[in-house]
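Below is one structure; the comments refer to it alone.
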Amino acid sequence: MAMNVPHIAVPPPGPKARKVLARDAKWIATTTKAAPLVVKRAYGSVIEDVDGNLYLDFTCGVSVTNVGHVHPRVHAAIKRQLDEFAHYAGTDYYYEVQVQLAERLAKLAPGRRPKKVFFANSGTETVEAAIKIARYSTKRQLFLAFLRAFHGRTMGSLSLTASKAVQRAGFPPMMPGTVHVPFAYCYRCPYNLTYPSCDLYCARIIEDLYEKTIAPPQDLAAVFVEPVQGEGGYVVPPKGWLERIEKIARDAGALLVADEVQTGMGRTGKMWAVEHTKVVPDILTTAKALGSGMPIGAAIFDARYDFDHQGSHSNTFGGNPVACASAIATLDVIEEDRLVENAARLGEHMHRRLEEMKEDYGIMGDNRGLGLMQATEFVEDPESRTPAVKARDRIAEDALRRGLVLLTAGTSGIRYIPALNIPDEQLDAGLDILEESIRKNAK
Ligand SMILES: Cc1ncc(COP(=O)(O)O)c(C=O)c1O
């Protein structure tokens, strides 16, 4: 399957796709389906559906296949490991590939202090691990997180998540002791201030108000932060903000947890998004792109916070050998093919093209992002900035029918997260489709 441009034989969902959709509706529980796309196979940045349509992939299965689908070196590593053994309870016994990956991640994480790694199977489990590490090591109970944050959907991480009401509705009470603060969302500043004259009021208010009222610093176990808010709308905080948050955590004697589940593994043009700053988190969580589709997550943390009893935290599948082999091969590909640098280069190109489009289409309120983690927030008009939710949805649907897979983010955003090695001409072909869809659907 080699090609540069999409090919739509039957507008999706075609007849074969419709059959799968009907069965899915009957048998699959609670979903958040984004589009009627039924994947048959995928290679690089191209997806083929069951009806023979070919699409360009600007989503990577939500920021997972950073080295492209079915990368030959990653798949060879997966197959090699499968031929050796597929599972042997890495928490109870030992195998080399898990130790190799742990050492690699510990050395890759920012900061000079020695690190340890806890392996899980998903993003939410890495956040659960971080919650437990923070409570256990600080003997404190309180957590600070941000409005519009997404940290997962299990009860602990859900308590930190504040992205969309639907994710929490019906599930209270949450884990006690979580306090949410508005994020540094300059396009819609919650305090109606302007950067930099605001002097980062959105960080200062934590000390000036929150710590003096509902979040006493001596009770604070950890501050959880996405260096770029993901599900919340690809919101990039202004320069200096993350450093202020780090200082607040340090002054309180709390841990700083950087949730890099979506931003990590080269996505933003650095291996970790915190590397755009001087911030060194105590715990860094990664999942999604780590295993190139093999389920794996890791909480990489300052070794001095390790549990002092064996078995304090554990699981059956975390650090599964096949997933570990996939992760090691993924890291090899990222490093050997210089994909972090490529993400930075392609991200600049993409941002430039989005900004050019914005000059013609007032519906594009804000283009923002780092590296190949870019998004547009769609608005009714640039003055009112009223979220253009319906137009945004129409654009994503229209793009799919033209052969470009997109995913929404935040209230009225679309995120663009292609593979870090997407060929230049495929990136441009995707952006051409996007522009056509915007032209068609902008009022
Ligand atoms: C920043 C962040 N943290 C945690 C999660 C949860 O990851 P998972 O869906 O693998 O549980 C996500 C998922 O989108 C995420 O973006």
Side-chain angles (χ1 to χ4, degrees), residues 29-34 59-66 118-134 143 145-164 166-168 171 175 178 180 183-185 222-237 242 245 256-268 272-274 281 283-301 315 317-320 323 326-327 330 369-375 407-410 413 415-417:
T30 176
T31 57
T32 53
K33 299 284 199 251
T59 82
C60 281
V62 197
S63 206
V64 168
T65 52
N66 280 12
F118 177 83
F119 284 118
N121 311 283
S122 61
T124 195
E125 286 173 84
T126 65
V127 173
E128 297 293 339
I131 289 171
K132 289 177 75 173
I133 291 165
F143 296 107
F146 294 91
L147 291 177
R148 296 178 198 271
F150 190 89
H151 296 290
R153 287 185 168 96
T154 48
M155 280 315 292
S157 68
L158 180 65
S159 308
L160 302 168
T161 288
S163 175
K164 294 198 176 88
V166 67
Q167 292 151 357
R168 291 166 70 101
F171 301 117
M175 173 175 70
T178 52
H180 285 92
F183 192 72
Y185 186 7
V223 177
F224 280 76
V225 64
E226 296 162 274
V228 176
Q229 261 191 355
E231 304 301 305
Y234 280 35
V235 183
V236 186
L242 202 58
I245 298 302
L256 181 73
V257 184
D259 184 344
E260 296 248 16
V261 167
Q262 188 148 173
T263 51
M265 300 294 288
R267 172 57 58 195
T268 67
W272 311 113
V274 284
I283 307 177
L284 185 152
T285 57
T286 174
K288 288 190 183 288
L290 177 60
S292 281
M294 293 292 107
I296 185 165
I300 313 165
F301 60 101
N315 56 25
F317 291 121
N320 163 277
S326 181
T330 302
L370 292 174
L372 277 181
M373 183 174 185
Q374 299 279 336
L407 193 62
T408 60
R415 63 186 110 175
Y416 318 114
I417 39 175

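Numbering of residues begins at 1 and proceeds along the displayed sequence. In listed order, ligands and their atoms are each counted from 1.
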- Task: Could you check if a side-chain atom of Asn315 sits within less than 4.5 angstrom of a side-chain atom of Glu125, using non-hydrogen atoms only?
- Result: yes
- Query: Considering only heavy atoms from C-beta outward, does the side chain of Ile283 approach that of Ile133 to under 4.5 Å?
  - Reply: yes
- Query: Got the residues with a heavy atom under 4.0 Å of ligand 1, by chain and number?
  - Reply: Ser122, Gly123, Thr124, Phe150, His151, Gly152, Glu226, Glu231, Asp259, Val261, Gln262, Lys288
- Query: Partners of Phe143 by ring pair (Phe, Tyr, Trp, His ring centres under 6.0 Å), sequence neighbours excluded?
  - Reply: Phe224
- Can you sort out the partners of Tyr185 under ring pair (Phe, Tyr, Trp, His ring centres under 6.0 Å), two or more places apart, ordered by chain and number? none
- Of all pairs that satisfy salt bridge (Lys or Arg N to Asp or Glu O under 4.0 Å), the ones with a partner from residues 223-233, not counting sequence neighbours: Glu231-Arg415
- Note on the structure: Separation between CD1 (Ile300) and CG (Leu290), nearest 0.5 Å, reads 7.5 Å
